[in-house]
Amino acid sequence: MRRRVLITGFEPYGDWSSNPSADVASALHEHQSATLTITSAVLPVVLENLRARIEALLDAHAPDVVICLGLHPGAATLRVERVGLNVADFVRPDNAGEQTRNAELVAGAPHALPASIPVHTIVASQLERGIPATVSNSAGTYLCNAALYQSLHIAATRTAKPLCGFIHLPFSPAQVARLMGGGASDSASGAAPGQDVIASMHITDMCEGVRIAAEIAAAAVCSTSEQMTHA
Ligand code: PCA
């Protein structure tokens, strides 16, 4: 049986005129293998209605696995996030111009929810396949963390609970070329402070890393339901 995997990316935001997470999500749309089928969507970088948008995607696709993606400017590797925090504390406004500070995403809900995809197995497998990756202990306090936390919180309320996780992506090489003076509107402020070489990863490698994550998470769904059957 093929597991259904929902992959979300984010539209461009802040100083950047493109977002590799949208490119990777779109590239993987309708990808099928023996064990899974992927549907993807691109989310606005807007806090208002983010939860409703994720709920609508879960209603429409009933995924077994949800993997949200976003850009982590300056990251040198894929960053598979370990935890979502019940915090919105934006250092920049979202794309609707709202800058939420020091607020809870879900009033009274737990302060942290662990990603339910097997993050360590995913990173080990990505590394084995030659894709630089690491487990990250912070998804930040902006939209990416909000997507992870809301997905986990929504999943917990459903009978069929999808496994949920988040992968932060580096810049694409084309973005770095723009940041380094190749034109467009991107500014050098996209580089992490003190970096004179800005890390990037080719979209093809990012897609492969996310595909590996999807395969491993899909296999984890199988073992969870088998355990339940045998319980
Ligand atoms: N990265 C931002 C939000 C959208 C994105 O791609 C973040 O890390 O929160």
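If you read the sequence from its start, that first residue is 1, and numbering goes on from there. Start at 1 and go down the list; that is how both ligands and their atoms are numbered.
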Any N or O on Leu71 sitting closer than 3.5 Å to an N or O of ligand 1? yes

Cys144 versus ligand 1: do any nitrogen or oxygen atoms come within less than 3.5 Å of each other? yes

Test of understanding: given a 4.0 Å heavy-atom threshold, classify the contact between His168 and ligand 1 as side chain, backbone, both, or neither. side chain

For ligand 1, which part of Asn19 has a heavy atom less than 4.0 Å away: the side chain, the backbone, both, or neither? side chain

Using the six-membered ring wherever Trp is involved, compare the ring planes of Tyr142 and Phe90 and label them parallel, tilted or perpendicular (cut-offs 30° and 60°). perpendicular

Take the angle between the ring planes of His168 and His72 and call it parallel below 30°, perpendicular above 60°, tilted in between. perpendicular

Using a strict cut-off of 4.0 Å, indicate which atoms of ligand 1 neighbour a heavy atom of Tyr142. 2 (C), 3 (C), 7 (C), 9 (O)

Show me which atoms of ligand 1 lie under 4.0 Å from any heavy atom of Phe10. 4 (C), 6 (O)

Without hydrogens or angle criteria, can the side chains of Glu30 and Thr39 be said to hold a donor-acceptor pair below 3.5 Å? no

Is it true that a side-chain atom of Arg79 and a backbone atom of Val135 form a donor plus acceptor pair closer than 3.5 Å? no

For Arg178, is there an ion pair with Asp15 - N to carboxylate O distance below 4.0 angstrom? no

